[in-house]
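The figures here come from the full heavy-atom set of this structure, side chains too, leaving out hydrogens, waters and symmetry mates. For reference, positions follow the sequence shown, starting with 1. Because the structure is predicted, anything quoted here is derived from the model rather than measured.
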Amino acid sequence: VQLQASGGGVVQAGGSLRLSCAASGNIFKINVMGWYRQAPGKERELVAEITSGGTITYSDSVKDRFTISRDDAKTTVYLQMNSLKPEDTAVYYCRADKIYYNPNHYLLYSWGQGTQVTVSS
């Protein structure tokens, strides 16, 4: 299973970006898909995640500004980021948890490669 993230870039404060992460391989179902970020000198932190049932969790720092969604037909998760702030600058990683190959067997989790988001003031 591979996760391919895209959509990062450089944007001015107040701007928007949309990240995408497509999972490929032998996939029957993915339980949770999410986005994490890691700023220089800081630990990787959860930004948002969405379950196959549609339950969404956001970190307090992005609530009301970011929107996570998923398209299971495309095994893709999106992160719409609005009202970006310089403190949102980080490498953003997508992650998939409980990736089922068939109804009975799954891979615990997989990370995608990071995509850089830089917000200038």
Side-chain angles (χ1 to χ4, degrees):
V1 173
Q2 288 190 329
L3 301 179
Q4 182 69 43
S6 61
V10 180
V11 65
Q12 287 191 332
S16 299
L17 282 174
R18 188 189 193 215
L19 305 183
S20 300
C21 177
S24 61
N26 182 20
I27 298 171
F28 172 73
K29 173 188 169 183
I30 300 175
N31 266 20
V32 184
M33 300 187 81
W35 291 95
Y36 290 70
R37 68 186 181 187
Q38 187 166 20
K42 294 189 177 181
E43 294 194 352
R44 194 172 297 189
E45 61 174 359
L46 174 68
V47 175
E49 64 180 16
I50 180 170
T51 71
S52 57
T55 300
I56 292 174
T57 301
Y58 292 106
S59 73
D60 288 342
S61 62
V62 307
K63 211 172 286 186
D64 300 324
R65 298 188 297 121
F66 291 9
T67 302
I68 190 171
S69 61
R70 61 189 282 172
D71 182 339
D72 287 335
K74 298 180 181 178
T75 55
T76 298
V77 62
Y78 304 97
L79 186 68
Q80 177 66 43
M81 305 185 294
N82 299 329
S83 303
L84 282 161
K85 304 175 181 180
E87 51 263 44
D88 294 317
T89 295
V91 178
Y92 284 69
Y93 298 89
C94 59
R95 171 171 162 141
D97 287 83
K98 270 192 137 175
I99 306 161
Y100 282 82
Y101 300 119
N102 57 52
N104 299 309
H105 298 92
Y106 61 86
L107 175 67
L108 196 55
Y109 65 88
S110 181
W111 288 99
Q113 94 290 1
T115 185
Q116 177 71 45
V117 171
T118 302
V119 184
S120 61
S121 56

[X] side chain vs [Y] backbone, donor-acceptor pair below 3.5 Å:
| X | Y | value |
| --- | --- | --- |
| Tyr106 | Asp97 | no |
| Thr67 | Gln80 | no |
| Arg95 | Tyr36 | no |

Between [Y] and [X], is there a side-chain heavy-atom distance shorter than 4.5 Å?
| X | Y | value |
| --- | --- | --- |
| Tyr100 | Asn31 | yes |
| Val117 | Met81 | yes |
| Leu3 | Tyr93 | no |

For Tyr109, look at atom OH and say whether over 12 heavy atoms of other residues, nucleotides or ligands are found less than 6.0 Å away. no

If you count heavy atoms of other groups shown closer than 6.0 angstrom to CG of Asp64, is the number above 12? no

Is there a path of hydrophobic side-chain contacts, each under 4.5 Å between heavy atoms of I, L, V, M, F, W or Y residues, that connects [X] with [Y]?
| X | Y | answer |
| --- | --- | --- |
| Ile27 | Val77 | yes |
| Leu19 | Val91 | no |
| Tyr101 | Trp111 | no |
| Met33 | Ile56 | yes |
| Leu107 | Val32 | no |

How about Gln4 and Ser6: does a side-chain donor come under 3.5 Å of a side-chain acceptor? no

Any chance the side chains of Arg37 and Ser59 put a donor and an acceptor closer than 3.5 Å? no

I need the Ser121 OG to Gln12 CD distance, nearest 0.5 Å.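 The CD atom of Gln12 is 9.0 Å from OG of Ser121, to the nearest 0.5 Å.
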
So how far is it from Ile68 CD1 to Trp35 CH2, rounded to the nearest 0.5 Å?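 That separation rounds to 8.0 Å.
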
Residue pair [X] / [Y]: nearest heavy atoms and the distance that separates them:
| X | Y | result |
| --- | --- | --- |
| Ser16 | Asn82 | OG-OD1, 2.9 Å |
| Ile30 | Ala23 | CD1-CB, 3.9 Å |
| Arg70 | Ile50 | NH1-O, 3.1 Å |
| Asn26 | Val1 | O-CG2, 4.4 Å |
| Thr115 | Ala5 | CG2-CB, 4.4 Å |
| Leu84 | Leu17 | CD1-N, 3.8 Å |

Apply salt bridge (charged side-chain N to carboxylate O under 4.0 Å, His left out) to Asp60 and Lys63, showing your working. CA-CA 5 Å; Asp60 288 342; Lys63 211 172 286 186; 3.1 Å; yes

